[in-house]
2 protein chains.
Amino acid sequence: MSSPDGLRSDARRNRHQVLDAARRVVLQHGPTVALDEIAKEAGVGIGTLYRRFGDRDGLFKALVLDALAQAQEAAEKADADHEVGFDAIEAYALAALDLRTSALIPMLMDRLDLHDAELGPQRETGAAVLQGLIDRAHEDGSLPRTVTFADLGTLLVRLSRPLPGAVPAEADADLARRQLRLALLGMRHADESTLDRVGMSREELSSD
Amino acid sequence: MSSPDGLRSDARRNRHQVLDAARRVVLQHGPTVALDEIAKEAGVGIGTLYRRFGDRDGLFKALVLDALAQAQEAAEKADADHEVGFDAIEAYALAALDLRTSALIPMLMDRLDLHDAELGPQRETGAAVLQGLIDRAHEDGSLPRTVTFADLGTLLVRLSRPLPGAVPAEADADLARRQLRLALLGMRHADESTLDRVGMSREELSSD
DNA sequence: AGGGATACGGAGGAATTTTCTCCGGTTGTT
DNA sequence: AACAACCGGAGAAAATTCCTCCGTATCCCT
């Protein structure tokens, strides 16, 4: 037991494979997919999945925690690396697209306990970081104030979901990046003829 | 029996309600939803659904045929109404967003028989009309040649899918329209710094 | 308004799918 | 080498979904 998590090396490897497979499969088929499907995609027996995660909700919680941590790391890096607010947003958005976190979380929303002691705060922090990037870009004038959290957040959700049908992952990712670039270009130059009013805030998006 | 389809008035009304409900529910939950779910959303007994459509594939075929016809009508109107190619595309895209046809068809793809005598040609024609709009916009210079069928088509797919999670339909549609406007603005002004190469053609998208 | 044809809802048994435990065998660690 | 940790997946139990059938309701024509 040379590792901090107390897992044997094969167990740790399998754990990661399951988490990776779960991300792909859930994004593709939604939160009701059979767990066997995930195990198969991970190249692992179904018993291994249950042993490691307990049940469906346990797996999903681990999945979201993992994804949130990666996204937050990307956001902090983007924030630190770029002087201009808009450039930080662009860097973060491209990274988030690869992780696909933005789509994963709302897809699992109704199966997740948002008052969970770990999940709640982590999720709150995750959203706050993007909000921070947007505020900065508003303030330095690199992003029009009509473009808001809801616009950017849900754009990432839409672009992060795999296309329905049998589209190769490579083509899908390539198209998503192109579409992100186009939308960002649009955002940068949006005036009142493009968007006739200010978009929704973070609060409006989740409550209303 | 005063009607051409030989249906009684209540039967025809129910048929439409089922088709409408199916569109919403399939977009939200994918092609494997329980048919009971669709019947419930339509406010109709499960027996009525089976009586009218035979089975799942029968329902889906009718659904796609219906959606394709509406989309084609919208495309032809957009084509006729606008002098500039780009404007026609914009008009069509906004209409298609309301219909959500673009997402529906790929979602049902693997359950559909594309060699079906009705489905095949109708689908072919549907795609050809959008291709025609794009060609026109390329030729009159209102759309950069780096932006292709795959870019526009899959953008519409992504924007047409309802957001995952419990987002009210009204907010979802509003966000989708904003995002479409932003992306179109980006497309209009895309140069080689935004898109470094030409996108995929219709053939490349479906085969590769 | 009456009568026949058409259509409706949904209960419930059959069929399918999904869950999740258990244990004989394997692999990693010391 | 020896022990503990881990693995795969068969298969019984549970849950879900399908889809027919029939007593009742609605429509449409005369």
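In this text, all values refer to a predicted model and were calculated from it rather than measured experimentally. Values reported hereafter were calculated over all heavy atoms of this structure, with side chains retained and with hydrogens, waters and symmetry mates removed. First the proteins, then the strands, lettered A, B, ... as listed; each starts at 1.
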### Task
May I have the distance from Leu7(A) (atom CG) to dC6(D) (atom P), rounded to whole angstrom?
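Checked: the CG to P distance equals 6 Å.
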### Query
For the pair made of OH in Tyr50(B) and P in dA11(C), what is the distance, rounded to whole Å?
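So the OH-P distance, Tyr50(B) to dA11(C), works out to 16 Å.
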### Query
For Asp5(A) and dT29(C), what is the distance between atoms CG and P respectively, to the nearest whole Å?
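Rounded to whole Å, this separation is 12 Å.
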### Task
Examine distances only and state if a side-chain atom of Thr146(B) and a backbone atom of Arg197(B) form a donor-acceptor pair shorter than 3.5 Å.
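Not confirmed, Thr146(B) side chain does not pair with Arg197(B) backbone.
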### Query
Quick one: Asp10(B) CG to dT26(D) P, roughly how many Å, whole number?
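In whole Å, dT26(D) P lies 9 Å from Asp10(B) CG.
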### Message
In this structure, how many angstroms lie between the P atom of dG8(D) and the CG atom of Leu49(A), rounded?
### Response
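It is 10 Å, rounded to the nearest whole Å.
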### Message
Within the structure provided, determine whether Arg52(A) and Leu7(A) are in side-chain contact (heavy-atom separation under 4.5 Å).
### Response
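Side-chain contact under 4.5 Å: yes.
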#### Entry: Contacting residues from residues 55-64 of chain B, given that a heavy atom lies under 4.0 angstrom of DNA chain D
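When residues 55-64 of chain B is checked for heavy atoms under 4.0 Å from DNA chain D, the hits, listed by number, are Arg56(B).
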### Phe53(A) CZ to dT19(C) P, straight-line distance once rounded to whole Å
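Atom-to-atom, Phe53(A) to dT19(C), this comes out as 16 Å.
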### Message
Contact list please: residues 20-47 of chain B against DNA chain D, heavy atoms, distance less than 4.0 Å, in numerical order.
### Response
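When residues 20-47 of chain B is checked for heavy atoms under 4.0 Å from DNA chain D, the hits, listed by number, are Ala34(B), Leu35(B), Asp36(B), Ile46(B).
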### Query
Do you see a donor-acceptor pair shorter than 3.5 Å between the side chains of Gln72(B) and Thr125(B)?
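Not at all, the side chains of Gln72(B) and Thr125(B) share no donor-acceptor pair under 3.5 Å.
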### Task
Examine distances only and state if a side-chain atom of Gln179(A) and a backbone atom of Asp151(B) form a donor-acceptor pair shorter than 3.5 Å.
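Yes.
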### Message
Among dC27(D), dC7(D), dG9(C), which nucleotide has an atom closest to any side-chain atom of Asn14(A)?
### Response
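So the side chain of Asn14(A) is nearest to dC7(D).
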### Query
Can you find a side chain N or O atom of Arg8(A) that sits less than 4.0 Å from OP1 or OP2 on dC7(D)?
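For dC7(D), OP1/OP2 do not have a side-chain N/O of Arg8(A) under 4.0 Å.
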### Query
Is the phosphate of dT27(C), meaning OP1 or OP2, less than 4.0 Å from a side-chain N or O of Ser9(A)?
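Answer no for this pair, as no side-chain N or O of Ser9(A) is under 4.0 Å from OP1 or OP2.
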### Message
So Leu156(B) and Tyr92(B), do their side chains get closer than 4.5 Å, heavy atoms only?
### Response
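In contact.
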#### Entry: Note, Asn14(B) side chain near Gln17(B) side chain (heavy atom, < 4.5 Å)
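A side-chain contact under 4.5 Å exists here.
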### Message
Just so I know, are the side chains of Pro144(A) and Met187(A) near enough to count as touching, which here means a heavy-atom distance under 4.5 Å?
### Response
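In short, these two side chains do not touch, never coming nearer than 4.5 Å.
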### Query
Are Thr48(B) and dA7(C) close enough that a side-chain N or O sits under 4.0 Å from OP1 or OP2?
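Result: no.
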### Spacing between Arg52(B) atom CZ and dG9(C) atom P, to the nearest angstrom
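Taking CZ of Arg52(B) and P of dG9(C), I get 10 Å after rounding.
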### Message
Taking Ser160(A)'s backbone N and O only, do any of them form a donor-acceptor pair with Arg158(B)'s side chain (distance below 3.5 Å, no angle check)?
### Response
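The answer is no, because no donor-acceptor pair under 3.5 Å joins these two groups.
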### N-O pairing of Arg100(A) and Asp172(A) below 4.0 Å
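Yes, this pair counts.
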### Query
Can any side-chain N or O of Ser206(B) pair as donor or acceptor with the backbone N or O of Arg202(B) at less than 3.5 Å?
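The answer is yes, because a donor-acceptor pair under 3.5 Å joins these two groups.
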### Donor-acceptor pair, side chain of Ser201(B) and main chain of Glu204(B), under 3.5 angstrom
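Yes, the answer is positive, given that a donor and an acceptor are paired below the 3.5 Å cut-off.
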#### Entry: Atom pair distance, as rounded to whole Å: CZ in Arg51(A) and P in dG9(D)
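Rounding to the nearest Å, CZ of Arg51(A) and P of dG9(D) are 12 Å apart.
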### Task
Could you walk me through whether Arg23(A) and Asp66(A) pass the salt bridge (Lys or Arg N to Asp or Glu O under 4.0 Å) test, one step at a time?
CA-CA 10 Å; Arg23(A) 193 181 301 208; Asp66(A) 186 53; 3.3 Å; yes
### Query
To the nearest 10 degrees, what angle separates the axes at the start and end of the helix from dA1(C)-dT30(D) to dT30(C)-dA1(D), five pairs each?
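The two end axes of the helix from dA1(C)-dT30(D) to dT30(C)-dA1(D) meet at 40°.
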